[in-house]
Amino acid sequence: MLVSIVVPTYNEKENIAELIRRARSACSSAGLDFEIIVADDMSPDGTADAAGEALSGCKGAVLRRTGPRGLAPAVTEGFEAARGDVLCVIDADLSHPPEAIPALARAIGDGADLAVGSRHVEGGGVEGWPLRRRLASRLACLLARPLTGIRDATSGFFIIRKAAIEGVALNPRGFKIGLEVFVKAASRKYVEVPYVFRDRVKGSSKLGSRVMAQYLLQLVRLFLWKTARIFEFTRPSRKAGV
Ligand code: GDD
Ligand code: MN
């Protein structure tokens, strides 16, 4: 099994080399076959060059994206470029511990279709977030409850079998590509693997009020998508020409 690790980046020059170094070390020690795909939106700080250097001697690529900017479209493009049968997504800012990638991969090896790095199962948590951000994150997860049983529905750290999202139209608008995948993927079998989210030390977060508005819109779109699916399943099937 080849694991394609997709890392979306925007102005992560200060973090990307360490992320790549730690991911390489953790995956090699665990005996994983992996590649690293950095999906960069032409960051003005030179992230792409730093990533290219850190990738030397490692399978993978740096995508210098000129298409529509954004976290979700970058991840989607990373998926398209991936050669692995298993896809992993991790942030570049070291908030998600790359040392947890082998545990996520093991869950897939054990038969899961999807393994989600989770702050909201036993052993998981958040470090360094003010109460306001903790509450906002909890509320965001709560709002997604009718859509998925996954407790950390807004997680951006996950691994999935490529087959589970083949033929699935992922809407690349918005920030939460994870939620899009969790709701739409044909994956019936998922697990949540605990990890502790650590607030970034270097660089700045791209989360702002625009991202929150995008999230609410995404929730509405997914509710509509799910409702339409339910009707499709319950409607008696019509034969062509009848
Ligand atoms: N290519 C690209 N384009 N990457 C981006 C963009 C963009 O427009 N915006 C953000 N990124 C990258 C960042 O460089 C980082 O690697 C990752 O996406 C997450 O961005 P942050 O700005 O650090 O987001 P966050 O810390 O607020 O939220 C993250 O953590 C949440 C909790 O796990 C995101 O990953 C969320 O999806 C996640 O839910
Ligand atoms: Mn972050």
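Values below: every heavy atom of this structure, side chains too, minus hydrogens, waters and symmetry copies. The model shown is predicted, which means the values in this text are computed figures rather than measured ones.
Figure legend: R119 and Y195 shown without cation-pi pairing, the cationic atom not lying both under 6.0 angstrom from the six-membered ring centre and within 45 degrees of its axis.
Of the possible polar contacts, one joining the S28 side chain to the R24 backbone as a donor-acceptor pair under 3.5 Å is found. K184 places a side-chain N or O within 3.5 Å of a backbone atom of A169 that can act as its donor or acceptor partner. At least one donor-acceptor pair closer than 3.5 Å links the side chain of S29 to the backbone N or O of S25. Side-chain N or O atoms of R161 include one that pairs as donor or acceptor with a backbone N or O of A112 at under 3.5 Å. A donor-acceptor pair is defined here as one N or O able to donate and one able to accept, closer than 3.5 Å; such a pair exists between the side chain of T148 and the backbone of I150. In this structure a side-chain-to-backbone donor-acceptor pair under 3.5 Å is missing from D91 to D93. Within the 3.5 Å criterion, the main-chain N or O of R133 finds no donor-acceptor partner in the side chain of S137. Distance alone, capped at 3.5 Å, is enough to place a donor-acceptor pair between the E192 side chain and the R151 backbone. The backbone N or O of S43 lies less than 3.5 Å from no partner atom in the side chain of N11, so there is not a single donor-acceptor pair. Within the 3.5 Å criterion, the main-chain N or O of R65 finds no donor-acceptor partner in the side chain of E77.
Side-chain contact between L219 and L217: absent, with no pair of heavy atoms (C-beta onward) separated by less than 4.5 Å. For the pair I36 and C58, the minimum side-chain heavy-atom distance is below 4.5 Å. Side-chain contact check for T47 versus Y10: every heavy-atom pair is 4.5 Å or farther apart. In this structure the side chain of K226 never reaches within 4.5 angstrom of the side chain of L222, judged on heavy atoms. In this structure the side chain of I159 never reaches within 4.5 angstrom of the side chain of L87, judged on heavy atoms. Here the side chains of L63 and V38 are not in contact, with every heavy-atom distance at 4.5 Å or above. Considering only heavy atoms from C-beta on, D33 stays 4.5 Å or farther from M1 through its side chain. Side-chain atoms of F157 and V89, non-hydrogen and from C-beta on, never get closer than 4.5 Å to each other.
Residues R22 and E99 are paired through a salt bridge, judged by an N-O separation under 4.0 Å between the basic side chain and the carboxylate. A salt bridge does not link K162 with E166: every distance from a Lys NZ or Arg NE/NH1/NH2 to an Asp or Glu carboxylate oxygen is 4.0 Å or more.
In this structure, CG on L143 lies 11.5 Å from CZ on R145, to the nearest 0.5 angstrom. Distance CZ/R106 to CD1/I108: 12.5 Å, rounded to 0.5 Å. Distance CZ/F34 to CD1/I101: 8.5 Å, rounded to 0.5 Å. Annotation: the span from D199 atom CG to S95 atom OG amounts to 6.0 Å, rounded to 0.5 Å. Separating the CD1 atom in I160 from the CG atom in L114 is a distance of 4.5 Å, to the nearest 0.5 Å. One distance of note links CD1 of I16 with CG of D40; it measures 8.5 Å at 0.5 Å rounding.
Connection of Y190 to V121 is not established within any shared hydrophobic cluster, with ILVMFWY side chains joined at heavy-atom distances below 4.5 Å, either directly or through further cluster members. In the hydrophobic cluster analysis, where Ile, Leu, Val, Met, Phe, Trp and Tyr join through side-chain heavy atoms closer than 4.5 angstrom, I90 is grouped together with V191. Grouping the Ile, Leu, Val, Met, Phe, Trp and Tyr side chains by contacts below 4.5 angstrom, directly or via other members, places V193 apart from V6. L32 is not connected to L2 by any chain of hydrophobic side-chain contacts under 4.5 Å among Ile, Leu, Val, Met, Phe, Trp and Tyr, and they are in different clusters. Cluster annotation: L139 is not connected to V126 through the hydrophobic network of ILVMFWY side chains, with a link wherever side-chain heavy atoms come within less than 4.5 Å.
V183 and W225 make their closest contact through O-CZ3, 3.9 Å (heavy atoms, listed as atom of the first residue, atom of the second, distance). Looking at every heavy atom in both residues, A39 comes nearest to A74 through CB-O, 3.4 Å. Considering all non-hydrogen atoms of both residues, G117 and L104 come closest at N-CD2, 3.9 Å. Across G128 and R134, no two heavy atoms sit closer than the pair N-NH2, 4.5 Å. Shown here for A144 and A153, the closest heavy-atom pair between the two residues is CB-CB, 3.7 Å. For the pair L19 and P98, the tightest heavy-atom approach, listed with the atom from each and the gap, is CD2-CG, 3.9 Å.
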Note to self: Using side chain to side chain contact (heavy atoms under 4.5 Å, CB included), reason through R138 and H120 one step at a time and then give a plain yes or no.
What the structure shows: CA-CA 9 Å; R138 277 289 184 173; H120 303 321; 3.4 Å; yes
Next item on the list: Go through the steps to decide whether R200 and L94 satisfy the test side chain to side chain contact (heavy atoms under 4.5 Å, CB included), and finish with yes or no.
Entry: CA-CA 6 Å; R200 62 160 75 236; L94 305 167; over 6 Å; no
Note to self: For E80 and T76: C-alpha separation, side-chain torsions, deciding distance, then whether side chain to side chain contact (heavy atoms under 4.5 Å, CB included) applies.
What the structure shows: CA-CA 6 Å; E80 282 158 14; T76 312; 4.0 Å; yes
Next item on the list: Could you go through the salt bridge (charged side-chain N to carboxylate O under 4.0 Å, His left out) check for R64 and D41 one step at a time?
Entry: CA-CA 6 Å; R64 295 167 191 260; D41 279 3; over 6 Å; no
Checklist line | Candidate pair L55 and I20, rule side chain to side chain contact (heavy atoms under 4.5 Å, CB included), full reasoning | finding: CA-CA 7 Å; L55 278 179; I20 291 175; 4.0 Å; yes
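Checked against the 6.0 Å centroid criterion, the rings of F158 and F182 qualify as a close aromatic pair.
Applying the side-chain hydrogen bond (donor to acceptor under 3.5 Å, both in side chains) criterion to E127, with sequence neighbours excluded, gives R198.
Ring geometry, F197 versus H96: the interplanar angle exceeds 60°, so the pair is classed perpendicular (tilted spans 30 to 60°).
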